[in-house]
There are 2 protein chains.
Amino acid sequence: MSRIPGRVPTTPPTLADVAELAGVSRQTVSNAVNNPDLLRADTLERVQQAIDELGYSPNRAARNLRTRASHLIGLRINAAQEGTANALMDRFVHSLVETSREAGYHVLLFAADHQDPLSGYDDLLRSTAVDAFVITDTYLGNPQAAWLETRRAPFVAFGRPWGVEEPRHPWVDVDGAAGSELATTHLLDRGHHRIAWIGWRRDSWIGEDRRAGWSRALRARGLPTTGLASRVEDTVASGREASAVLLDEAQPSAFVCASDTLAMGVLHTLAERGLVPGRDVAVVGFDDSQVAQVVPPGLTSVRQPLEDVAVEVVKALEGLLGHPPYVGPGVLLAPTLAIRGSS
Amino acid sequence: MSRIPGRVPTTPPTLADVAELAGVSRQTVSNAVNNPDLLRADTLERVQQAIDELGYSPNRAARNLRTRASHLIGLRINAAQEGTANALMDRFVHSLVETSREAGYHVLLFAADHQDPLSGYDDLLRSTAVDAFVITDTYLGNPQAAWLETRRAPFVAFGRPWGVEEPRHPWVDVDGAAGSELATTHLLDRGHHRIAWIGWRRDSWIGEDRRAGWSRALRARGLPTTGLASRVEDTVASGREASAVLLDEAQPSAFVCASDTLAMGVLHTLAERGLVPGRDVAVVGFDDSQVAQVVPPGLTSVRQPLEDVAVEVVKALEGLLGHPPYVGPGVLLAPTLAIRGSS
DNA sequence: CCCGCCGACTTGATCGTTCCAACGACAGCA
DNA sequence: TGCTGTCGTTGGAACGATCAAGTCGGCGGG
């Protein structure tokens, strides 16, 4: 078991190597790593030295096998939508990786099979490759959450379980209504009275939630909403058309949009008509994508606190994977507004 | 070892369970999974049935421990730069996940410690958590590649090893010079004669490479380049300032930029002066970010074939991890041009 | 007829760690 | 002195897979 001195080892040092060098048993080294307070101070010191000298790091596979845990979190990555402004995932993934590292977890990415969106989950679950999942698409009708619940797989959702009475899984979400209310109130404070809404189709719960914030803000000032709202697909072209129609028929002086993608559509219309965003017409988007940050003259946008979302998600994961497992209530976070030239 | 019939197993089925059900030995089941052609047709059939019936999937940890391989690829994710247009990583990550899945690998994300950029690598390496790395930042002076080489860690670089004579590691890159040459030639064909360049600082190899394509295209038509180039930081503000100066001093009718971020800076300057991109002044960016796709009137941009890069990276990984390991020559791919309203 | 070979499958050992039961030393108490 | 309990440590077994070596029956050739 001992290594030939002066020779570069071809395999990494093991627990047994450290034990031999420190003159203790394997279990004592294991305790030094996992339960240091079980050792006497001088023994711990000696073992620590041996660990440092050999550059020992516990073999992941062996530990996983014995403890039946992988310390990996599965995250499905969706095909990047071309032609939309949504860079949400990028920021969230980074925050999640950063936060889970501090909790001792790594993030495992996997792609969905196009025919069977659940196959990826099933595979990782049965081969015990991950301890838990983080799911991000919780629009209604998404089978993931329900399926994972029946499989008793631990998971945390970024997004409310819309339309489900009593969810048995933890979730974290951002208050979309509060976000668009923030945006609308900001425009009202700037003196706008006719503020239009461009959102998503009525069957989108997220879209209706965000829309509610807009109408709430207008009603709070006794302003009407009729004729000022439009519900379309989440594409630049849809936003362009919808804003053109609204400008002709309702003459709004400002737009609040359910996404930066739609807001970019509004900017297209303004450019075509020679109108300057922020001077002639105000525009506010949603998600604070990179697009919003760099497009002239800067697009005011509702910013989701993704760093905080990641923190809450990891907290929920730790509860879920604890002994005994703990499922806390859902967490709803408040967004902020990034104000730029377009308002 | 046998399961109580009619009861839901609390632990996943193992090789031994399958073996018992099929009436064969463990090794035979293992062969059925990994070397099916070693079995007689009828035996294979019987084992397959048992596997399906139990829903068996090999335990990852056990397999990893025995084979000393994790079938995981480590990818470091950098902090998303706020205020830039770079969505390159997003697309590449997705392609890499997709491609490596087909090769039987998963992607493990990790974050760099801010103090010690190598700590993440070291940790994963020593605990044998990943089989190989994919590294993406190969600007000169980046210690990753050199460090990984001394550790004899298998890795593939997306990006040429600039300034290194004989790299001992595989790499895949996109021909930046060809990209800006493509962009410049496109503008020349549209009748532009005075085409300016906005690129990065002289010590950026990537920037100088891209710049070379621009000057090559101009010289091929006998056109001068003097006074038409600017080298700045990769920010929107720098692009804005540089383009303002160039417009005043050299009156170019078109801009080719080393990044979409810089191109957005040009659009800012045009907007401030009431000039319309594509009509009054043409602009071409680099990377085909989401910004380029949605900004009015659409930003023409050099598009890197990231899907192909991922394929080549995974090919190189398979060679690297094969028996015996094979290190092929570097691969250089040609970009394309996504033409939009700005030219 | 016997030997060697080959195909198909089985058996025991092993990867590196953690869990479990047991161990010796020592102290407290009767 | 002897019993009991605690503390720090030990050795053996187990996690679930694969590797290496071995078994067994059948077939062909000298």
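Sequence lines set the chain letters: A, B, ... in the order given, protein chains first and strands last, and positions in each chain run from 1. Values in this document were obtained by computation on a predicted structure and should not be read as measured data.
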With sequence neighbours excluded, tell me which residues meet side chain to side chain contact (heavy atoms under 4.5 Å, CB included) with B:Pro154.
B:Ala132, B:Leu320, B:Leu321
Not counting sequence neighbours, which residues clear side chain to side chain contact (heavy atoms under 4.5 Å, CB included) with A:Asp173? List them please.
A:Phe158, A:Arg160, A:Trp162, A:Trp171, A:Leu332
Please encode protein proximity along nucleotides 7-14 of chain C as a string of B, S and -, counting only heavy-atom distances under 4.0 Å.
-SSBBBBB
[atom1] of [X] versus [atom2] of [N]: gap in Å, rounded?
X: A:Leu15; N: C:dC19; atom1: CG; atom2: C1'; result: 13 Å
X: A:Asn35; N: D:dT10; atom1: CG; atom2: P; result: 16 Å
X: A:Leu65; N: D:dG16; atom1: CG; atom2: P; result: 7 Å
X: A:Arg60; N: C:dT18; atom1: CZ; atom2: P; result: 12 Å
X: B:His71; N: D:dA17; atom1: NE2; atom2: C1'; result: 13 Å
X: B:Tyr56; N: D:dG16; atom1: OH; atom2: C1'; result: 8 Å
X: B:Asn64; N: C:dT17; atom1: CG; atom2: P; result: 14 Å

Partners passing side chain to side chain donor-acceptor pair (under 3.5 Å) against A:Arg68 (at least two apart in sequence or in another chain)
none
Kindly write out the residues that satisfy side chain to side chain donor-acceptor pair (under 3.5 Å) with A:Ser100, not counting sequence neighbours, or none if the list is empty.
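Once residues adjacent in sequence are excluded, A:Ser100 has no partner under the side chain to side chain donor-acceptor pair (under 3.5 Å) criterion.
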Of the nucleotides C:dT17, D:dG16, C:dT18, which has the atom closest to the A:Thr67 side chain?
C:dT18
Considering only heavy side-chain atoms of A:Arg68, the closest of C:dC15, C:dT17, D:dC15 is D:dC15
Without placing hydrogens or testing angles, list every side-chain donor-acceptor pair under 3.5 Å for residues 41-56 of chain B, not counting sequence neighbours.
unit_1  : atom_1 : unit_2  : atom_2 : d
B:Asp42 : OD1    : B:Arg40 : NE     : 3.2
B:Arg46 : NH1    : B:Ala22 : O      : 2.6

Inter-axis angle, terminal five-pair segments of the helix from C:dC1-D:dG30 to C:dA30-D:dT1 [nearest 10°]:
60°
Provide the full list of salt bridge (charged side-chain N to carboxylate O under 4.0 Å, His left out) pairs with a residue in residues 55-66 of chain B, sequence neighbours left out, each pair given once.
none
Strictly by modelled atom types, are B:Asn64 and A:Asn64 linked by a side-chain donor-acceptor pair under 3.5 Å?
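There is no such pair between these side chains.
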Scan nucleotides 22-27 of chain D against the protein and return all N/O pairs shorter than 3.5 Å with their distances rounded to 0.1 Å.
none

Do NZ/NE/NH1/NH2 and the carboxylate oxygens of A:Lys315 and A:Glu318 come within less than 4.0 Å?
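The answer is no: the pair does not qualify as a salt bridge.
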Could you pull out all residues at least two apart from A:Phe133 that satisfy ring pair (Phe, Tyr, Trp, His ring centres under 6.0 Å)?
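With neighbours one apart ignored, the set is A:Phe110, A:Tyr121.
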Contacts of A:Glu307 meeting salt bridge (charged side-chain N to carboxylate O under 4.0 Å, His left out) (sequence neighbours excluded), chain-then-number -> A:Arg91
With B:Asp131 via salt bridge (charged side-chain N to carboxylate O under 4.0 Å, His left out) - residues at least two apart:
none
Does A:Ser30 make a side-chain N or O approach to OP1 or OP2 of C:dT18 shorter than 4.0 Å?
yes
When we call it a touch if two heavy atoms are under 4.0 Å apart, what does B:Asn34 touch: a base, just sugar-phosphate, or nothing?
sugar-phosphate
